[in-house]
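Accompanying notes for the structure given below.
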Amino acid sequence: MALRVYNTLTRQKEPFQTVQPGRVGMYVCGPTVYKPSHVGHMVGPVIFDTVKRFLTYLGYQVTWVVNITDVDDKLIVEASKQNTTVSALAERVTADYCKNLERLGVTGIDHMPRATHYIGEIVGIIQGLIEKGYAYPAGGDVYFDISRDDDYGKLCNRDPEQLEAGARIEVSEKKRNPGDFALWKGAKPGEPQWDSPWGPGRPGWHIECSAMSMKLLGVTLDIHGGGLDLQFPHHENELAQSESFSDAPFVRYWMHNGLMRIEGEKVSKTREEEQKKKAILGVSEVLQKNEPETLRLLLLNTHYRSPIEYGENRLNEVRRSLEGFYRFFERYQRVTGNSFYELQAPTTRAQSPSRDLGETSPWFASWRSFVEHMEDDFNSGGAIGVLYELLNRLNRFADEKKIEAGGAAVDVEEFSRGVFVLRELSQILGLFREPPAAKCGGNDQLVAGLMQLLIDLRNEARKAKNFALGDQIRKRLAELNITLEDRPGGKTDWRLG
RNA sequence: GGCCCCUUAGCCAAGCGGUAAGGCAGCGGAUUGCAAAUCCGCCAUCCCCGGUUCAAAUCCGGGAGGGGCCUCCA
């Protein structure tokens, strides 16, 4: 099988072919940095991070760009509200954004260009568009003339005529057609501004993406991603201006991710207050209260084009399902003495030992099935299902071979091969990068010592058949949210929760 | 009004013409002194109505319900 990707432009899955063999240029629309991000803002980054990981696994050299919109009306308003400058506000919010991406394991972004750093390029493109007759200056602004662009609306099936009928578009006497959009906005006094042939002003919303993607990735992008809500007008307009300027196809594959919702409704700014009552929206807060990969797994569990159901319940369910993995990793460590998290698995298929395991290996089917799911338009949900199955197979293998009670060396070896497959595959999803926050009192020597003392006392009581006392110790510990687990060999482990 | 999309068990969710993955919860069993953990088993005919086909959750038509976009939005 080979990779197939759904393209919004054609509304179907297509075989994946890049402009340059072996290389992928991927551009994903990033945030306007005027407010700390909410959970919905993390959907795209996590998904496309996974897309990059998988493409890399397939052997592609991926360059991924996420833009930062650091000048715009909302920023101007918010900055004056906070009595700070637009650039200071932008820097602060950007830092918060990046910190959260890092926690979530979004590590693959190669460039994060700021719109304000590309004013020269932006002006150049606008000038080119005017020269070619696609744009016109009007009273300090510059607009793109959609009537000059034959295939305007092709991404979203928009008919320019009907844009007028819609009549919900901002009315401006400066525009020739209601659907025309600003490439350059003349500055009002006190607003951030840059010089241009049309007077001082700032770029319109869409043009920065055309300018930065072209500069960093070339005229034709392999992948352009973003939320479904950006299809129109943002991507439609990007597409129109870019192709009008370059005369080359702008994007090979348009990928749009589904939006996050709470009780069936899109997580949005307009309903923010109402939704806050139902679930935690702020990313920083969510990640403080949850293992970051809980959110990552929640996002990846649903196919990227579908809406993602979010809420406290979902978070809890996913957390519980992760516990199974965490316990297994402890089991693996008990058996081999090695940390799962420190296993060095290859990040490309070419270097993978999994593909050579062969049909007879109990782990091979999992590996193949996982890759096939991902090759089918990045079906991470299906791939995660494979991971759970693999987990189950590994536990069963360990049970059957009695691997914890001093199993045969060959079995331990076979077991380790399977664990290695799990390491390799989970890495593609960016999961299990590091151990979850301490489940056993951290490195606290005192707690560890006291726990050992209690465990020893309980085990002595049990040996003396004084189960009442033993059970009392366990019960009292349970009241403190501590669970004891007796191992076959007579050893007892403990954990929080 | 226009353009998209969705509807699978209590909840989340995969499925893309060949007879329903997986997770959470629940139930029964193995194991355990009892637990915990793990394992085994059980738990849906896919919103409704027609049609195409040897065969449809999957394709077509109609209906019902839900969502997104057309205004800032990941």
Side-chain angles (χ1 to χ4, degrees), chain A residues 4 6 8 11-13 28-32 34 37-48 66 72-74 153 155-159 161-163 165-170 179 205 225-234 236 256-261 264-270 297-298 301-303 305-311 313-314 316-324 327-328 330-331 369 373 376-377 379-389 391-392 394-400 404 462 465 467-468 470-471 474-475 478 483-488 492-495:
Chain A
R4 284 154 47 81
Y6 183 90
T8 306
R11 314 243 163 230
Q12 57 188 10
K13 287 182 200 170
V28 175
C29 288
T32 299
Y34 74 108
S37 30
H38 67 240
V39 279
H41 294 122
M42 298 294 112
V43 178
V46 166
I47 284 167
F48 289 101
V66 175
D72 128 303
D73 294 346
K74 293 192 293 293
L155 181 65
C156 304
N157 266 308
R158 246 42 171 218
D159 181 352
E161 308 283 311
Q162 278 163 352
L163 284 178
R168 292 173 72 182
I169 302 164
E170 173 194 348
W205 176 31
L228 262 169
D229 52 349
L230 291 181
Q231 277 182 110
F232 195 90
H234 187 230
E236 192 71 63
H256 289 100
N257 61 267
L259 306 174
M260 191 171 242
R261 25 164 138 186
E265 284 199 326
K266 175 186 171 187
V267 173
S268 73
K269 306 251 163 61
T270 36
L297 185 60
L298 187 153
N301 204 23
T302 304
H303 185 94
R305 278 188 278 119
S306 303
I308 299 169
E309 186 59 35
Y310 175 78
N313 265 347
R314 285 295 297 139
N316 290 336
E317 280 174 21
V318 174
R319 183 185 315 115
R320 278 195 290 271
S321 80
L322 274 169
E323 300 279 329
R327 301 222 171 104
F328 176 75
E330 286 161 13
R331 187 176 201 184
S369 173
H373 275 100
D376 182 12
D377 195 29
N379 184 356
S380 55
I384 287 167
V386 174
L387 248 37
Y388 287 116
E389 281 171 335
L391 174 68
N392 174 260
L394 285 162
N395 267 319
R396 185 167 52 202
F397 185 89
D399 279 5
E400 279 172 3
E404 270 189 86
R462 290 170 70 210
K465 303 275 184 210
F467 294 121
D471 290 348
R474 188 173 61 199
K475 192 173 154 236
T483 307
L484 297 184
E485 298 187 359
D486 296 327
R487 302 295 166 206
T492 300
D493 291 324
W494 67 277
R495 65 182 156 81

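First the proteins, then the strands, lettered A, B, ... as listed; each starts at 1.
Along RNA chain B, the nucleotide closest to A:Lys13 and the one closest to A:Lys74 are compared, and the more 5′ of them pairs with A:Lys13.
Taking atom CD1 on A:Ile308 and atom C1' on B:rC6, their separation rounds to 14 Å, with Å as the unit. For A:Phe328 and B:rA37, the CZ to P distance is 17 Å, given to the nearest whole Å.
By the side chain to side chain contact (heavy atoms under 4.5 Å, CB included) test, A:Arg487 pairs with A:Arg334, A:Glu404, A:Glu485, A:Lys491, A:Asp493, sequence neighbours left out.
A sub-4.0 Å separation between OP1 or OP2 of B:rA25 and a side-chain N or O of A:Arg320 is present. Contact check, A:Lys266 against B:rC69: a side-chain N or O comes under 4.0 Å of OP1 or OP2. At B:rC40, one or more side-chain N or O atoms of A:Arg396 fall inside 4.0 Å of OP1 or OP2 (strictly under the cut-off). When the side-chain nitrogen and oxygen atoms of A:Asn301 are compared with OP1 and OP2 of B:rG22, none of them lie within a distance under 4.0 Å.
Using a 4.0 Å cut-off between charged nitrogen and carboxylate oxygen, A:Arg396 and A:Asp399 do not count as a salt-bridge pair. We find that A:Arg462 and A:Asp486 are joined by a salt bridge, their nearest charged nitrogen and carboxylate oxygen being less than 4.0 Å apart.
Atom P of B:rG61 sits at a distance of 22 Å from the matching atom of B:rG66, rounded to the whole Å. Only the P atoms considered, B:rC49 is 15 Å distant from B:rA64, to the nearest whole Å. Look at the C1' atom in both B:rC54 and B:rC59: the space between them is 16 Å, to the nearest Å. For B:rA57 and B:rC16, the C1' atoms lie 11 Å apart once the distance is rounded to whole Å. Of the C1' atoms belonging to B:rC39 and B:rG51, the separation is 48 Å, rounded to the nearest Å. Across B:rA13 and B:rC24, the matching C1' atoms stand 11 Å from one another, rounded to whole Å.
Residue contacts for A:Gly44: at a heavy-atom cut-off of 4.0 Å it reaches no nucleic acid atom on any strand shown. Counting any heavy atom pair closer than 4.0 Å across all strands shown, A:Asp471 reaches a base atom. A:Asn392 comes within 4.0 angstrom of sugar-phosphate atoms only, judged by non-hydrogen atoms across all strands, and of no base.
Base pairing of B:rA9 is not made with any nucleotide, judged by Watson-Crick or G-U wobble geometry with both donor-acceptor distances under 3.5 Å. Base-pair partner of B:rG50: B:rC60 (Watson-Crick or G-U wobble, both distances under 3.5 Å). Nucleotide B:rC27: paired with B:rG41 (Watson-Crick or G-U wobble, both distances less than 3.5 Å). The partner of B:rU19, taking Watson-Crick or G-U wobble pairs whose two distances both stay under 3.5 Å, does not exist in any strand shown.
Side-chain contact between A:Leu391 and A:Leu387 is absent, with no heavy-atom pair separated by less than 4.5 Å.
A donor and an acceptor atom sit less than 3.5 Å apart, one in the side chain of A:Arg158 and one in the base of B:rC69.
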